[in-house]
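Values below: every heavy atom of this structure, side chains too, minus hydrogens, waters and symmetry copies.
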Amino acid sequence: MRTRVRGWRWRRNPLRRRSDVVEAWAALAVAVLLFVGAPLAGALAGLWAHEEARTAATAQRAERHRVRAEVIGDTPERLPSVGGRQAYRTTVRWAEPGQGTRTASARVPAEARQGDVVDVWFDSRGRSVAPPPDDVAVWQHTVGVGVCVAGGAAAVLLLGHGIARHVSLRHRMDEWEREWARTGPDWSRRRA
């Protein structure tokens with residue numbers, strides 16, 4: 001039978017070693033950092049990422065503009081896949097107030113055929129670009145960064161604790177070897 005005594009590493013005990021106390025305090029510190037520090041780091045990184053992503057999305061919304069354009073180009077026989085969605089580049093035409101009709105090459109959805117009206121996005125230089133990220137994309141980025149930072153912090157803490165325990169165990173074994181070298185001959189003598 002084995003009896004567990006809680007908190008034995010902190011109690012005064014002649015069998016308690018200094019390494020036991022250090023290991024107990026290290027385990028307590030790792031537990032606090034794991035359950036408080038890692039989530040806090042993830043939350044702070046998420047807040048920072050949210051602000052950065054929101055600023056970038058606002059800048060892209062200011063720079064990019066959407067137009068309703070008619071597809072006038074031909075549909076290719078084989079459609080390339082872009083970002084998991086089928087899309088292709090073709091010629092589109094739209095009218096801008098005060099500037100007349102304009103024509104450009106733009107990426108359109110795969111289901112668009114010649115004569116269809118689609119939404120396309122252009123930047124300030126007239127290049128076809130992806131639409132700016134919406135609020136859902138900003139929040140997905142925020143949560144992704146926060147979870148990765150919290151997970152990374154937890155992994156670093158656990159790895160560091162594992163290394164510290166390994167070093168502590170080696171140190172403890174060396175201490176036991178030295179103690180046994182000193183007291184072992186007294187115990188292993190033959191008695192006549």
So with a 6.0 Å cut-off around CZ of Arg66, is the heavy-atom count from everything else above 12?
no
With Gln140 as reference, evaluate Val138, Val136, Thr142 under the side-chain contact (heavy atoms from CB on, under 4.5 Å) test and give the passing residue.
Val136
Take Val32 and Val30 through the side-chain contact (heavy atoms from CB on, under 4.5 Å) test and state the conclusion after the steps.
CA-CA 5 Å; Val32 168; Val30 166; over 6 Å; no
Does Thr103 form a side-chain contact (heavy atoms from CB on, under 4.5 Å) with Ile72? I'd like the steps, not just the answer.
CA-CA 9 Å; Thr103 304; Ile72 60 172; 3.9 Å; yes
So that I can tick it off, tell me whether Arg172 and Glu175 are bridged by a salt bridge, with the cut-off set at under 4.0 angstrom between side-chain N and carboxylate O.
no
Any link between Val129 and Val67 through a network of hydrophobic side chains (Ile, Leu, Val, Met, Phe, Trp, Tyr) touching at under 4.5 Å?
no
Start with the C-alpha distance between Arg68 and Asp119, add both sets of side-chain angles, then the distance that settles side-chain contact (heavy atoms from CB on, under 4.5 Å), and finish with yes or no.
CA-CA 5 Å; Arg68 300 277 297 158; Asp119 288 332; 2.6 Å; yes
Nonpolar side-chain network containing Val147, other nodes, edges under 4.5 Å
Val143
Which heavy atom of Leu34 sits nearest a heavy atom of Pro39, and at what distance?
O-CD, 3.4 Å
Pairs where residues 90-139 contributes a residue and the test ring-ring contact (aromatic ring centres under 6.0 Å, His included) is met, not counting sequence neighbours
His50-Trp139, Trp94-Phe122
Please find the pair of heavy atoms, one from Pro133 and one from Arg61, that lie closest to each other, and give the distance.
O-NH2, 2.8 Å
NE2 of His65 to CD of Glu96: how many Å apart, nearest 0.5 Å?
5.5 Å
Shared hydrophobic cluster, Trp176 / Leu169 (ILVMFWY, side-chain heavy atoms < 4.5 Å):
yes
For Ser105 versus Ser128, what's the shortest heavy-atom pair and its separation?
O-CB, 3.6 Å
Using every non-hydrogen atom in the two residues, find where His161 and Ala26 come nearest and quote the distance to one decimal.
CD2-O, 4.2 Å
Taking all heavy atoms of Val71 and all of Val92, pick out the closest pair and write down the distance.
CA-CG1, 4.2 Å
Between Arg102 and Arg93, is a side-chain contact (heavy atoms from CB on, under 4.5 Å) present by the stated rule, with each step listed?
CA-CA 6 Å; Arg102 295 190 57 190; Arg93 177 179 54 210; over 6 Å; no
CZ of Phe35 to CG of Leu157, rounded to nearest 0.5 Å, is 11.0 Å
Is it the case that the side chain of Thr55 and the backbone of Glu51 share a donor-acceptor pair, with hydrogens and angles ignored and the cut-off at 3.5 Å?
yes
Which value, rounded to the nearest 0.5 Å, describes the distance between Asp116 atom CG and Arg113 atom CZ?
8.0 Å
Counting distance only, does the side-chain N/O of Arg64 pair as donor-acceptor with the main-chain N or O of Ala130 below 3.5 Å?
yes
Measure the spacing between CG of Leu33 and CG of Leu28 and express it to the nearest 0.5 Å.
9.5 Å
A quick test of your reading: do over 12 heavy atoms of other residues, nucleotides or ligands sit less than 6.0 Å from CH2 of Trp180?
yes
Please report the interatomic distance CZ(Arg182) to CD(Glu177), rounded to the nearest 0.5 Å.
13.5 Å
Taking every heavy atom of Gly73 against every heavy atom of Thr90, the minimum-distance pair comes out as CA-OG1, 3.1 Å
